[in-house]
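Read the structure below first, then the notes.
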Amino acid sequence: MKATAQTLTQVGSAEKGWVSVYAELFKARLTFLVLLTTLVGFYLGSPSGPVNYLLMLHALMGTALVAAGASALNQLLEREYDAKMRRTQNRPLPSGRLQPQTVLIVGSTCAALGLVYLGLAVNVVTAVLGACSLISYVFIYTPLKRVTWLNTAVGAIPGALPPLMGWTAARGELSSEGWALFAILAFWQLPHFLAIAWIYRDEYAKAGFQMLPIVDPDGHRTARQAVSHTLGLLPISLCPFLFKLTGTIYHVGALALGIVFIWFAIQFARHLTIPRARQLFYVSILYLPLLLTLMVIDKIK
């Protein structure tokens, strides 16, 4: 009995270990954020009346597969560089827990299945947007990280497409309201990732990534980009209200959140220290879910 219990414990630990490995490979937290923004886009894009939950589930399933595949392929291409950074050296490929051939097969299969699933179970527009997100993330943004600091701006495109995919999944077409959701995510990403790049600039430099804080050691351009994008985000975040997607509660809340975000960006720009960068980073990860929550609770059409 004791030996059987011990064996079951070992099997359970091994299974838990593989779950952890693939959660890292698929960047579970990032994929969760992708699905959250897709869900909000779908909800906001749903016409008045009952939400089509089956269609929503199809959209989330397809998007999850594409996001998981993109994350795996990204890590495949960056495995040598991830090994040079302390924050990424324990990922499945650099640590040797998975082999490149396995990741290539798993990543490609997930991405392909996700695109086909979106095309068949949701609509062609959403599938095309998913393909654009996959291609721009894996084949444009990923190699650009070793070429130019503008990779952050390019990377904002695939990062901002999920809410637009949610919108088109519900509506079946592109529209100004959906593009407004895209713009909110695109502008939000710049101060968020600039804060990360400032915190880990030494590690990025060691790995050979061309991030703005590396080519801008005094930080003046980094500071300007962080502040300008939080300033730009404020009026863009009001578009759901202007398009009559949301009401006054969202309007007031978006203004308040935007002002707080700007204040922390200015504090980062004034001091350019790692603690101030961490504050900006933490504020950014609070800002987005709070803004999305306001959209959902104050939807008016």
Side-chain angles (χ1 to χ4, degrees), residues 27-30 32-34 36-37 74 78 81-82 84-91 141-142 144-160 183-238 252-295:
K27 298 183 180 178
R29 286 179 293 181
L30 177 60
F32 175 78
L33 178 61
V34 167
L36 176 64
T37 57
N74 165 265
E78 292 188 341
Y81 307 96
D82 284 345
K84 300 176 182 179
M85 297 176 61
R86 186 173 55 195
R87 64 187 291 261
T88 56
Q89 63 187 7
N90 288 322
R91 283 179 172 175
Y141 163 69
T142 298
L144 274 182
K145 288 169 71 176
R146 299 183 295 278
V147 178
T148 172
W149 66 268
L150 292 171
N151 69 79
T152 306
V154 174
I157 295 172
I184 290 172
L185 264 291
F187 269 75
W188 169 82
Q189 286 177 86
L190 269 295
H192 173 77
F193 284 112
L194 286 174
I196 295 173
W198 187 263
I199 294 168
Y200 297 105
R201 62 189 184 278
D202 292 338
E203 290 194 41
Y204 279 122
K206 182 180 178 181
F209 291 126
Q210 296 298 308
M211 312 303 286
L212 181 56
I214 296 171
V215 300
D216 172 41
D218 60 12
H220 295 322
R221 291 163 65 190
T222 304
R224 285 198 300 270
Q225 290 290 326
V227 173
S228 64
H229 280 87
T230 52
L231 286 170
L233 178 59
L234 182 59
I236 290 172
S237 70
L238 302 181
V252 174
L255 278 173
L257 288 171
I259 291 170
V260 171
F261 203 1
I262 290 168
W263 189 87
F264 277 95
I266 291 173
Q267 296 308 305
F268 165 68
R270 288 180 58 195
H271 300 280
L272 288 170
T273 61
I274 290 179
R276 289 296 185 179
R278 288 190 190 279
Q279 288 178 354
L280 179 59
F281 169 72
Y282 289 133
V283 167
S284 72
I285 61 177
L286 287 173
Y287 171 90
L288 187 60
L290 289 174
L291 190 76
L292 296 176
T293 300
L294 287 172
M295 289 183 191

Between side-chain atoms of residues 217-233 and protein atoms elsewhere (two or more places apart, or another chain), which donor-acceptor pairs fall under 3.5 Å?
from : atom 1 : to   : atom 2 : distance (Å)
D218 : OD1    : H220 : N      : 3.2
T222 : OG1    : D216 : OD2    : 2.9
S228 : OG     : R224 : O      : 2.9
S228 : OG     : Q225 : O      : 3.1
H229 : ND1    : Q225 : O      : 2.9
T230 : OG1    : A226 : O      : 3.2
T230 : OG1    : V227 : O      : 2.8

Side-chain heavy atoms of [X] within contact of [Y], under 4.5 Å:
| X | Y | answer |
| --- | --- | --- |
| N151 | K145 | yes |
| I262 | L234 | yes |
| W198 | F281 | no |
| Y287 | S237 | yes |
| Q89 | D82 | no |
| R87 | I196 | yes |
| Y282 | R278 | yes |
| E78 | T88 | no |

Q) Is a side-chain N or O of Q210 found less than 3.5 angstrom from the main chain of W149, in a donor-acceptor match? A)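 Judged by distance alone, no pair lies under 3.5 Å.
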
With rounding to the nearest 0.5 Å, note down the distance linking [atom1] in [X] to [atom2] in [Y].
| X | Y | atom1 | atom2 | value |
| --- | --- | --- | --- | --- |
| M85 | K206 | CE | NZ | 10.0 Å |
| T152 | H192 | OG1 | NE2 | 11.0 Å |
| L288 | L257 | CG | CG | 10.0 Å |
| L238 | I184 | CG | CD1 | 8.5 Å |
| L212 | F193 | CG | CZ | 14.5 Å |
| L286 | F261 | CG | CZ | 10.0 Å |

Mind listing the side-chain donor-acceptor pairs of residues 269-276 below 3.5 Å, one per line with the distance, residues two or more places apart or on another chain?
from : atom 1 : to   : atom 2 : distance (Å)
T273 : OG1    : R276 : N      : 3.3
R276 : NH1    : Q279 : OE1    : 3.1

Q: Kindly indicate whether a cation-pi arrangement holds for R146 with F209, taking the cut-offs as under 6.0 Å to the six-membered ring centre and within 45° of the axis.
A: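 Negative - R146 is either too far from the ring of F209 or too far off its axis.
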
Determine the minimum heavy-atom distance between [X] and [Y], stating which atoms define it.
| X | Y | value |
| --- | --- | --- |
| A156 | L190 | CB-CD2, 4.0 Å |
| P158 | V154 | CD-O, 3.2 Å |
| Q189 | A160 | NE2-N, 3.4 Å |
| I236 | A183 | CG2-CB, 3.7 Å |
| A254 | L291 | CB-CD1, 3.8 Å |

**Q.** Listed partners of N74 passing side-chain hydrogen bond (donor to acceptor under 3.5 Å, both in side chains), at least two apart
**A.**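 For N74, the residues satisfying side-chain hydrogen bond (donor to acceptor under 3.5 Å, both in side chains) (neighbours in sequence not counted) are K27, T142.
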
Q: Evaluate the ring planes of Y204 and Y200, with Trp represented by its six-membered ring, and classify them as parallel (under 30°), tilted (30 to 60°) or perpendicular (over 60°).
A: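 If you compare the ring of Y204 with that of Y200, the planes turn out perpendicular.
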
Q | Working for side chain to side chain contact (heavy atoms under 4.5 Å, CB included), residues L185 and T37 | A | CA-CA 9 Å; L185 264 291; T37 57; 4.1 Å; yes

